[in-house]
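Input: a single structure, listed below in structure tokens.
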Amino acid sequence: MVTARLAALYPGSAKELCALRHDNPFQLLVATILSAQTTDVRVNLVTPALFAAYPDPASLARADPEKLEELIRSTGFFRSKTKSLLGMAQALIERFGGDVPSDMEDLVTLPGVGRKTANVVLSVDFGKPGFAVDTHVGRLSRRLGFTASPDPEVVERDVDALVPPEEWGTLSLRLILHGRAICVARTPRCGECVLADVCPSARLPA
DNA sequence: ATCCCGAGGG
DNA sequence: CCCTCTGGAT
């Protein structure tokens, strides 16, 4: 019910639903690392110049840290993100032959890559099941009653148990889009929400 | 003041 | 289990 309505509202494949602009798994990995505590709009503002300067893992691995910091500064957390990007690229070269690995166990060994980032890469560019839990997905999963937990890993397990694996990726991306447009953090627009009649948290304005 | 497609370290 | 990292938008 909920997933069908969201699919009607936000149609398309995981790749089509992904708002982070990219042309290959390496670029998606970079963009997703940058997306921590930042809007995707902000990430898309810096990635064109970033991808032009560092088009592949080899060039990013030997990037000048100060130049890299300057290119990503406006995404916030720029010092830790610089370390993550450099370490990630070096790990791709040293341990994975310059290719982005396509399984969870390998992805989470990369610096700056946790389950959320790994699930985005798996579902969007590798066509594999992956329910990425970011701030939107966690909030909507709780409001919709899919879970009661504030822990992203528990949210992931709870939703995985409710939805078939082939829908994990698209559901996560649709929850993000819905969380941005309608089910926003502070004052959700329940009056405009197609899920209001089945949502335990729905509140119509007084 | 709060939030945004989190992850690493203590 | 905290805490910290960081800037931009609302």
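Chain naming here is simple, since letters A, B, ... match the order of the sequence lines and numbering starts at 1 in each. The figures here come from the full heavy-atom set of this structure, side chains too, leaving out hydrogens, waters and symmetry mates.
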Among [range], which residues get a heavy atom nearer than 4.0 Å to DNA chain B?
range                       : result
residues 148-179 of chain A : I176(A)
residues 37-46 of chain A   : Q37(A), T38(A), T39(A), D40(A)
residues 13-25 of chain A   : C18(A), A19(A), L20(A)
residues 118-134 of chain A : V120(A), D134(A)

Next on the checklist: Which residues in residues 61-86 of chain A have a heavy atom closer than 4.0 Å to any atom of DNA chain C?
Outcome noted: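 Those residues are R73(A), S74(A), G76(A), F77(A), F78(A), R79(A), S80(A).
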Item to check | Contact list for residues 41-71 of chain A, test ring-ring contact (aromatic ring centres under 6.0 Å, His included), sequence neighbours left out | outcome: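 Qualifying pairs: none.
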Checklist entry - Once you round to the nearest 0.5 Å, how far does CG of L60(A) lie from CG of L68(A)? => result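 It is 6.0 Å, given to the nearest 0.5 Å.
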Item to check | Selection residues 71-92 of chain A - residue pairs positive for side chain to side chain donor-acceptor pair (under 3.5 Å), sequence neighbours left out | outcome: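 Listed once each, the pairs are T38(A)-K81(A).
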Can you tell me how far [atom2] of [N] sits from [atom1] of [X], to the nearest Å?
X       : N      : atom1 : atom2 : answer
R186(A) : dT2(B) : CZ    : P     : 8 Å
L107(A) : dA7(B) : CG    : P     : 11 Å
L34(A)  : dG6(B) : CG    : C1'   : 12 Å

Next on the checklist: Could you tell me how far dG10(B) sits from dT6(C) if I compare only their P atoms? Round to whole Å.
Outcome noted: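 Rounded to whole Å, the distance is 15 Å.
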Item to check | Nearest-Å distance once atom P is located in both dT2(B) and dC3(C) | outcome: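 Each nucleotide's P atom is 16 Å from the other's.
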Item to check | Qualifying residues under side-chain hydrogen bond (donor to acceptor under 3.5 Å, both in side chains), relative to R142(A), sequence neighbours excluded | outcome: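 In terms of side-chain hydrogen bond (donor to acceptor under 3.5 Å, both in side chains), with neighbours along the sequence ignored, R142(A) is linked to no residue.
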Checklist entry - side-chain hydrogen bond (donor to acceptor under 3.5 Å, both in side chains) with D99(A): which residues, sequence neighbours excluded? => result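 Scan of D99(A) (side-chain hydrogen bond (donor to acceptor under 3.5 Å, both in side chains), adjacent residues dropped) gives none.
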Item to check | Phosphate OP1/OP2 of dA7(B): any T117(A) side-chain N/O under 4.0 Å | outcome: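 Answer yes for this pair, as a side-chain N or O of T117(A) is under 4.0 Å from OP1 or OP2.
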Checklist entry - When we call it a touch if two heavy atoms are under 4.0 Å apart, what does L110(A) touch: a base, just sugar-phosphate, or nothing? => result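 Answer is sugar-phosphate: L110(A) comes under 4.0 Å of backbone atoms only.
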Checklist entry - What residue pairs, at least two apart or across chains, pass salt bridge (charged side-chain N to carboxylate O under 4.0 Å, His left out) with a residue in residues 168-194 of chain A? => result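 Every pair satisfying salt bridge (charged side-chain N to carboxylate O under 4.0 Å, His left out) with a residue in residues 168-194 of chain A: D40(A)-R180(A).
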Item to check | Qualifying salt bridge (charged side-chain N to carboxylate O under 4.0 Å, His left out) pairs with a residue from residues 149-169 of chain A, counting only residues at least two apart or across chains | outcome: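 Every salt bridge (charged side-chain N to carboxylate O under 4.0 Å, His left out) pair that includes a residue of residues 149-169 of chain A, provided the two are not neighbours, is R115(A)-E156(A).
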Checklist entry - Do K116(A) and T135(A) have side-chain N/O donor and acceptor atoms under 3.5 Å apart? => result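 Short answer, no.
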Item to check | Start and end of the DNA chain C segment that chain A contacts, any atom under 4.0 Å from a heavy atom | outcome: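 Counting from the 5' end, contacts occupy dC5(C) to dT10(C).
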